[in-house]
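Report on one structure; see the data block that follows.
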Amino acid sequence: MKSFKRHLITSALPYANGPLHIGHLAGVYVPSDIYTRYLRLKGQDVLSICASDEHGVPITLKARTEGITPKEVVDRYHELNKKAFEDFGIAFDIYSRTSNKVHYETASDFFLTLYNKGEFTEKVTEQYYDEEAGCFLADRYIVGTCPQCGNENAYGDQCEKCGTSLSPTELINPHSTISGSKPVLRETLHWYLPLDKYEGWLREWILEGHKEWKTNVYGQCKSWLEQGLQPRAVSRDLDWGIPVPVDGAGGKVLYVWFDAPIGYISATKELTPEWEKYWKDPDTKLIHFIGKDNIVFHCIIFPAMLKAEGSFILPENVPANEFLNLENDKISTSRNWAVWLHEYLEEFPGKQDVLRYVLCTNMPETKDSDFMWKDFQAKNNNELVAILGNFVNRSLVLTNNYFGGIAPARSKTDDYDEKVLSEIERIRNNIEPSLESFRFRDALREAMNLARLGNKYLADTEPWKIHKSDPEKVKTIINIALQITANLTIILEPFLPFTTKKLRGWLNCGKFSWAEAGRSDLIPPGHAIKKPGLLFEKIEDDVIEKQINKLRASLKTNNDTGTTVIPPKETVSFDLFSRIDIRTATVLEAEKVPRTTKLLKLTIDTGIDTRTIVSGIAEYFQPDDLVGKQISIVANLEPRKIKGIESKGMILMAEDSGGKLVLVSPAEKTGNGSIIK
RNA sequence: GGCGAGAUAGCUCAGAUGGUUAGAGCGCAUGAUUCAUAAUCAUGAGGUCGGGGGUUCAAUUCCCCCUCUCGCUACCA
């Protein structure tokens, strides 16, 4: 096992187009914070880096819908998220942002180095250009008819209705969402990172060299490598981002996936003039904390970039977590199915550690896990209050009651006392390997065993029974209880920093180092402690019910109205509208198209004829349920071959923001072929 | 369709290069106890380890098939 001189910890850069929720915390920031705090306690040289990721098309889109500038969007969320991290004690050495000057320079330099080394390939492609707005259009800015499903609102990169990934040139009747005009194709030059070139090296490095990575990470990398890697464009025609630093590259910026990971480097640079020591010296252990959605970037693409650049070290491990669900359902920003960090703090002031604890005990380390409010309550009441808070309270109250708040000396210790004392060190020794291999749930469970040990020790020795008959023995007992309490301030520090700080205050002691954990002389005889308060308080049923109701209510609202309402399309003439022939029809037969997931082949009676329509609705409808249903169709849509079947027309569907499809049917049965107008 | 991860006590999860009674925490039951936020401590009940087949003296652990969940990817409206 290689030993390292220093650590560089990065945490995935949160995208600055929305607030943070518990999923972010459980997946990335709590684990990275625990790990960082542990290393710091051990006195290691460690930097923890994070920043807001502030470029990319979604931010420009959000700005547009809100009628503000992209800068205003990122400013808002950068401040909000930065504060949320601070409030939860996520102790980054720096929380920077990718709109900083130093990042612009770093990312530009990085690009230039690769450019000058000839690491990029250049390719001219035809892209849509908006002549009115005078700019190239990012894929998301082009809307047109999906060539597959006929959805008129398909974006240039993807049709949200059928899920097809598209390229903008495939869209029928494309138009710009900026000016509404019809864009023209223009040639444009872009730079590509030929990932295929690094495939062999990546295989060797990951599949052979890092078999110790978590199975989910290793498996995902293997999956990617076996599918073969393609060159990836590193630039885009866009005006929000870092300009490509090459002559004649006006109007082009670095693609956000390229600039974002470089943000780790720039933030380090901003933090310390010694940044190169952390990024280029092989004695540095680089660890990326991320969620599973980011595995490919941090295990494949970013390492390929670093390798191409040549002077940087590579990550030693990428302990990606899976996802946290909420009350049995996926966390979803658009459905507002989330517990937002800033809202949690308003409703549970001072209870940062409760959330940290619950998220840690239930961290999605090996598979997706679930956050349940009932579970949150149970863990608070049965573990934090009953086991930890209670033990601390007992030991401090006993010290005050029997010794006026002055720590007694141990007189004579018996075998049991010695066994308990040695147990402290054993617990510490158990925690270390868990923390070092990113098994934080295990580590925290073991840490809590120290409080359990304390409770058991008091129950077994029963000082309240003998404090008159054997005061010397009680001195020993209370001394040991205090040593356990002091050790808790060390061992729990990575997990519950607010709690341990409070506890140190009551113990009236300073911060101990990790190496001191296990010692039985942390609190010397004669040391005066303070009057304790309560470490945790019980959470009652009604508080939890309120949270559950709040979630359900927001979900209901979302179902009723849809949170993401797409802005109206441009005005069309009546003439244009009337050229579309919408009719009622009845489904005669329906069957799944073989070897597809989404396609149904429908035979329908249109009143005019009997025809076949292929529709991408198989995920929402059983074929049998459709037979006999009256529906609405576009009867004069140009025919199109789909999977070898000629589809004549398209079925009208209402689609909510979650992508769920509902048939648009006449409210009462009517003749097939009736005109809908 | 392909690939990856997962399915173990009521709940959340560990675990085994195949081999004596499969573990933890919480919950539950019973008992003990009162220093402590009706907290604590002890004991116990609870699992044919997703389903089916195979290899083996022996599989929950290895192999094959199937079902379900999550993710990636392909084809695609």
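So that the names make sense, note that chain A is the first sequence line, chain B the second, and so on, each numbered from 1.
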Quiz prompt | Closest listed nucleotide, where the reference is the side chain of Lys367(A) and the choices are U37(B), A36(B), A7(B) | solution = A7(B)

Self-check item: Thr215(A) side chain, from C-beta outward: closest of G25(B), U40(B), G6(B)
Solution: G6(B)

Practice problem: Tell me whether the centres of the aromatic rings in Phe495(A) and Tyr357(A) are closer together than 6.0 Å. | Solution: no

Quiz item: Starting at CG of Leu453(A) and ending at C1' of U40(B), how long is that distance when rounded to a whole Å?
Solution: 14 Å

Exercise. Just compare A5(B), U37(B), C13(B) and give me whichever is closest to any side-chain atom of Ser369(A).
Key: C13(B)

Quiz item: Are Lys473(A) and Asp414(A) close enough for a salt bridge, meaning some N to O gap below 4.0 Å?
Solution: yes

Quiz prompt | N or O in side chain of Lys330(A) less than 4.0 angstrom from G71(B) OP1/OP2 | solution = yes

Quiz item: What nucleotide among C13(B), C70(B), A14(B) has an atom nearest to a side-chain atom of Lys292(A)?
Solution: C70(B)

Quiz item: Of the nucleotides U33(B), U40(B), G4(B), which one has an atom closest to the side chain of Glu462(A)?
Solution: U33(B)

Practice problem: Rounded to the nearest angstrom, tell me the gap between atom CG in Leu444(A) and atom P in U12(B). | Solution: 18 Å

Practice problem: Decide, yes or no, whether a salt bridge links Lys501(A) with Asp353(A) under the criterion of side-chain N to carboxylate O below 4.0 Å. | Solution: no

Practice problem: Go through A36(B), C26(B), A5(B) for me and flag the one nearest to the Asn382(A) side chain. | Solution: C26(B)

Exercise. Determine the contact category for Ser395(A): base if any of its heavy atoms lies under 4.0 Å from a base atom, sugar-phosphate if only primed atoms, P, OP1 or OP2 are that close, otherwise nothing.
Key: nothing

Exercise. Indicate, with a heavy-atom threshold strictly under 4.0 Å, whether Asp368(A) touches base, sugar-phosphate, or nothing.
Key: sugar-phosphate

Quiz item: So which nucleotide from C35(B), C26(B), A14(B) ends up closest to the side chain of Ile387(A)?
Solution: C26(B)

Quiz item: Syn versus anti for G46(B), judged by chi lying within 90° of 0?
Solution: syn

Self-check item: Sugar-phosphate only, base, or nothing, as touched by Arg439(A) at under 4.0 Å among non-hydrogen atoms
Solution: nothing

Exercise. Run the salt-bridge test on Arg428(A) and Glu432(A) with the 4.0 Å N-O cut-off and return the result as yes or no.
Key: yes

